[in-house]
Number of protein chains: 2
Amino acid sequence: MARRLNLEEIGRRAGVSRSTVSRVVNGEPHVRSETKKRVEAVIAETGYRPHAAARSLASNNTGVIGLVIPSAVETLFDDPYFGRLILGISAATNEVDMTLALFLFGEEPDEGSIIYRVVTPGLVDGVIVTATTRGDPLIDHMQGADMPFVVIGRPDSARSTFCVDVDNRGGARAAALHLAALGRRRPALIAAPSNTTAGVDRRNGFLEGLSEVGLSVENRIREGDWTQGSGREAMSLLLTERPDAVFVASDRMAVGALRAISEAGLNCPGDISVVSFDGLVPPDLTMPRLTSVVQPVTEVGKRATRLLRSVIDGTSTTPEHVVFPTRLAVRESCGSAPPGS
Amino acid sequence: MARRLNLEEIGRRAGVSRSTVSRVVNGEPHVRSETKKRVEAVIAETGYRPHAAARSLASNNTGVIGLVIPSAVETLFDDPYFGRLILGISAATNEVDMTLALFLFGEEPDEGSIIYRVVTPGLVDGVIVTATTRGDPLIDHMQGADMPFVVIGRPDSARSTFCVDVDNRGGARAAALHLAALGRRRPALIAAPSNTTAGVDRRNGFLEGLSEVGLSVENRIREGDWTQGSGREAMSLLLTERPDAVFVASDRMAVGALRAISEAGLNCPGDISVVSFDGLVPPDLTMPRLTSVVQPVTEVGKRATRLLRSVIDGTSTTPEHVVFPTRLAVRESCGSAPPGS
DNA sequence: TCTATGCTTGGGAGCGCTCCCAGAAAGGGT
DNA sequence: ACCCTTTCTGGGAGCGCTCCCAAGCATAGA
């Protein structure tokens with residue numbers, strides 16, 4: 001009675017075979033349109049849905065892609081970054097009717113278990129790895145496994161991977177040039193952790209930009225840990241050096257820096273110009289609104305997904321590095337906002 | 001040569017049968033410890049991992065649970081809420097070695113495709129639905145499908161579902177009592193959308209609390225749409241009514257409200273006490289720091305996951321409503337912060 | 001020594017699907 | 001009428017696993 005709905009059963013009810021139903025379900029050709037109609041009617045009426053696992057087993061693909069977000073998740077999720085990334089990836093997977101599986105590594109010391117889960121055959125067709133810390137063993141693990149993957153960010157070691165990154169260096173350089181053009185002469189830097197490639201790239205880009213115009217941070221440099229608190233602390237330490245501008249390597253740290261500036265009784269942008277990186281914090285959240293280097297996170301997610309797809313189905317075979325440009329969004333915190341922006 | 005690693009192959013190499021290997025892999029008893037060692041050695045050396053799809057097909061469970069976040073995602077992801085929720089759910093799934101699949105509904109009008117994907121047999125063992133809008137058809141769809149599910153929030157219609165919610169009403173009531181205790185006599189309300197049960201509950205809870213102490217909002221009430229911008233607009237409109245306190249139904253709207261207050265040249269908490277709901281915005285982000293009703297989002301996620309597990313394996317059969325208490329975190333924005341908080 | 005009991009082990013069946021080949025049916029030209 | 005091509009349809013085989021039953025093999029008690 002309550003026999004499970006399967007191809008055979010649908011076929012029985014429509015008076016055709018398993019194979020024919022399969023062809024109809026998959027939109028394959030070579031089915032007489034009359035037959036097709038009959039089968040579709042039965043499917044609609046029964047609410048039949050093909051069994052995903054059976055399909056995966058037989059066809060050797062799952063229609064699922066994994067997103068791996070390793071370590072330090074607790075803190076990272078306060079950042080809109082991952083939300084936006086997930087949004088982009090999800091939009092792209094929805095487009096092609098795939099499903100997104102999320103692998104968040106907790107604090108457990110043995111990343112072992114979850115790493116292995118990621119590369120379990122028959123679970124996902126491929127994974128997107130967000131590995132921005134340098135020397136992350138995860139990348140090596142993935143290289144060893146027989147699982148297509150794409151990295152978001154720039155892995156330091158592996159040149160033989162597909163990856164999608166943003167132009168951290170170029171964006172930071174643009175920030176330097178902008179501050180210089182505003183006439184600032186004592187720039188400071190609140191850098192992101194130097195164990196991340198993004199942190200390194202932003203730092204180098206900024207320093208590079210400065211040196212192009214004959215400026216330098218001298219000892220006006222501190223390293224934060226992405227958090228707002230670290231930005232605040234770094235800024236208050238830097239204030240003793242009397243900088244007239246600061247480039248903060250992330251929005252969140254910049255929010256902290258603004259706070260430190262205001263607590264010190266100084267004015268931004270009057271006394272100090274602030275430029276940040278990310279463009280993820282809603283501008284209206286801060287006062288003054290932050291000038292920042294905007295990175296297209298959602299786009300990165302979409303692109304990574306499409307790239308992974310092409311790796312999975314063999315369209316892309318030679319490692320490829322996609323780099324998205326960044327864009328300086330000028331607002332009030334740098335002191336040069338055009339009236340209507 | 002490059003034959004696929006499977007139970008049979010591992011068995012061949014270890015000199016045992018498929019079944020024995022299966023028992024070892026699954027930690028089942030009745031395997032001689034010597035045999036077990038030999039098999040484990042082969043597994044370790046080959047890096048064998050069982051094929052997830054095959055396993056699912058044979059055992060009829062997938063080890064994957066789905067999280068469904070419907071509609072309006074674009075805006076919602078600026079909110080830390082979903083990040084925290086995902087964190088909690090992910091922590092709980094990791095604990096029991098399950099995988100989390102994410103279903104984000106985009107803006108496409110035909111939610112059809114993705115709704116159907118969610119209930120595809122053999123994809124996930126069950127789903128957690130975050131459906132807070134009233135009359136959401138998704139709940140009905142789920143009821144019709146043969147798929148275990150748990151709702152986060154309070155669905156208005158369905159009484160016959162498992163759900164996990166927070167005490168929105170009680171929290172809002174506490175906010176009202178607190179403001180009254182501070183001597184405020186002209187309270188205002190910036191409510192959350194009335195097409196969400198959380199919005200309704202918070203509104204009712206606040207009004208209930210006020211009436212208990214003989215106060216009322218009169219016409220000092222506006223409805224926002226969860227966004228910061230809407231909070232700002234609502235607040236600036238309310239200011240013409242000269243309220244001396246306001247309860248804002250979400251952190252994000254409260255941030256907007258603070259901005260409106262400061263833009264009007266008024267002082268918080270001096271002129272107006274502000275209490276918000278959520279406790280998700282890092283306190284240091286705002287000035288003054290927000291007093292808010294804190295909801296344990298991560299806990300809700302964990303609990304929902306565990307509840308779903310018990311529904312899946314049949315431990316829980318009768319619909320159950322779990323309600324988490326909320327807690328008023330007093331900071332400066334209400335004007336009564338204890339010195340050391 | 002023989003049988004009862006329990007622990008091990010092997011292999012058949014089957015999960016629901018896809019892939020592929022072969023056979024049936026339907027056309028199209030001579 | 002014929003044959004040949006093309007379109008359609010059915011069913012075998014197999015994906016890698018779990019579940020279950022039966023057989024092997026000890027050990028122990030009679």
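The sequence lines fix the lettering, A, B, ..., with proteins before strands; numbering per chain opens at 1.
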Whole-Å distance separating the [atom1] atom of [X] from the [atom2] atom of [N]:
X	N	atom1	atom2	value
A:Leu7	C:dC15	CG	C1'	13 Å
A:Ile43	C:dG16	CD1	P	16 Å
A:Arg49	C:dG16	CZ	P	16 Å
B:Ile10	C:dT9	CD1	P	17 Å
A:Leu123	D:dG16	CG	C1'	14 Å
A:Arg23	D:dG10	CZ	C1'	8 Å
B:Asn26	D:dC20	CG	P	14 Å
B:Glu28	D:dC17	CD	P	14 Å

Among [options], the nucleotide that comes nearest once only the side chain of [X] is considered:
X	options	result
B:Arg55	D:dG16, D:dT9, D:dT18	D:dT18
A:Asn6	D:dT18, C:dT18, C:dC17	C:dC17
A:Ser19	D:dG11, D:dT18, C:dC17	D:dG11

Looking across every strand, which nucleic acid part, if any, lies under 4.0 Å from [X] by heavy atom: base, sugar-phosphate, or nothing?
X	answer
B:Thr20	sugar-phosphate
B:His30	base
A:Pro50	sugar-phosphate
A:Thr35	sugar-phosphate

Verify the contact: side-chain N or O of [X] to OP1 or OP2 of [N], cut-off strictly under 4.0 Å; return yes or no.
X	N	result
A:Arg32	D:dT9	yes
B:Asn60	D:dT18	no
A:Ser22	C:dT18	yes
B:Ser59	D:dT18	no
A:Arg4	C:dG16	yes
A:Arg18	D:dG11	no
A:Tyr48	C:dG16	no

Requested in this report: Output yes when a side-chain donor or acceptor of B:Asn94 lies under 3.5 Å from a complementary backbone atom of A:Leu104, and no otherwise.
Outcome: yes
Donor-acceptor contact below 3.5 Å, side chain A:Thr197 vs main chain A:Arg154 = yes
Of B:Ser17 and B:Leu57, the one whose nearest nucleotide on DNA chain C sits closer to the 5' end is B:Ser17
- How about B:Ser310 and B:Thr315: does a side-chain donor come under 3.5 Å of a side-chain acceptor? no
Between A:Arg13 and A:Glu45, is the closest basic N to carboxylate O distance under 4.0 Å? no
Worksheet entry | Salt-bridge contact A:Arg12-A:Glu9 (side-chain N to carboxylate O under 4.0 Å) | yes
Before giving the answer on side-chain hydrogen bond (donor to acceptor under 3.5 Å, both in side chains), spell out for B:Thr62 and B:Ser56 the whole-Å C-alpha distance, their side-chain angles and the decisive distance to 0.1 Å. CA-CA 5 Å; B:Thr62 65; B:Ser56 302; 5.4 Å; no
